[in-house]
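Presented below is the structure to which this report refers.
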Amino acid sequence: MKNRQLKRSHAPIFWGLFGAGGMLAALFGPMLVWITGFAAPLGWLPAKAASYQGALALAQSLVGKAALWGLVSLLLWHAAHRIYHSLHDIGVHGGPAAKALTYGVAMLGTLLAAGLLLRLGR
């Protein structure tokens, strides 16, 4: 019996990020749209709930930075994975170039979000 070595794949990493981003999108996406698109502009929230100072305080705290970075980055990875596989489904087989472009944009957005959040010091 031959000793076969299994081929290593990065697919589980991307599927994990896709799943986590999809869960966050399903849980928080509709509420974020409701709050930022309807409730805040129409004045249905208390004045301090949607203030710039409140959002800035959230983005300046360590827990807030981690939460915002996690939300933004996982949503980006979810979108990248969905776009990559949607391209494949419609017949666009870009191979490594499509993979590099879609996941590269997610990586760039993740790093950009981290950089911007780290610049928001106290």
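Just so you know, these numbers come straight off a predicted model, no measurement behind them.
- Looking at every heavy atom in both residues, Ser61 comes nearest to Gly64 through OG-N, 3.0 Å.
- Every residue two or more places apart in sequence or in another chain was checked for a side-chain hydrogen bond (donor to acceptor under 3.5 Å, both in side chains) with Tyr84, and none qualifies.
- To the nearest 0.5 Å, atom CD of residue Gln60 and atom CZ of residue Arg119 are 13.0 Å apart.
- Following chains of ILVMFWY side-chain contacts shorter than 4.5 Å, one cannot reach Leu75 starting from Leu68, and the two form parts of different hydrophobic clusters.
- Taking hydrophobic clusters as Ile, Leu, Val, Met, Phe, Trp and Tyr residues chained together by side-chain heavy-atom distances below 4.5 Å, Ile83 shares a cluster with Ile90.
- Atoms CG and NZ, from Leu116 and Lys65 in turn, are 10.5 Å apart once rounded to the nearest 0.5 Å.
- Across Val72 and Ala113, no two heavy atoms sit closer than the pair CG1-CB, 3.9 Å.
- Identified under the ring-ring contact (aromatic ring centres under 6.0 Å, His included) test for residues 43-67, with sequence neighbours left out: Trp34-Trp44.
- Following chains of ILVMFWY side-chain contacts shorter than 4.5 Å, one can reach Leu45 starting from Leu42, so the two form part of one hydrophobic cluster.
- Legend: side-chain hydrogen bond (donor to acceptor under 3.5 Å, both in side chains) pairs involving residues 89-115, not counting sequence neighbours, sorted by first then second residue: Trp77-Thr110, His81-Tyr103, His88-His93.
- Closest approach of Ala25 to Pro30, counting heavy atoms only: O-CD, 3.4 Å.
- Grouping the Ile, Leu, Val, Met, Phe, Trp and Tyr side chains by contacts below 4.5 angstrom, directly or via other members, places Leu71 with Leu27.
- Hydrophobic cluster membership differs between Leu58 and Val63, with clusters built from Ile, Leu, Val, Met, Phe, Trp and Tyr side chains linked at under 4.5 angstrom.
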> Taking it one step at a time, do His78 and Leu74 satisfy side chain to side chain contact (heavy atoms under 4.5 Å, CB included)?
Replying inline: CA-CA 6 Å; His78 176 78; Leu74 287 174; over 6 Å; no
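- The CZ atom of Phe28 sits 10.5 Å away from the CD1 atom of Ile35 when rounded to the nearest 0.5 Å.
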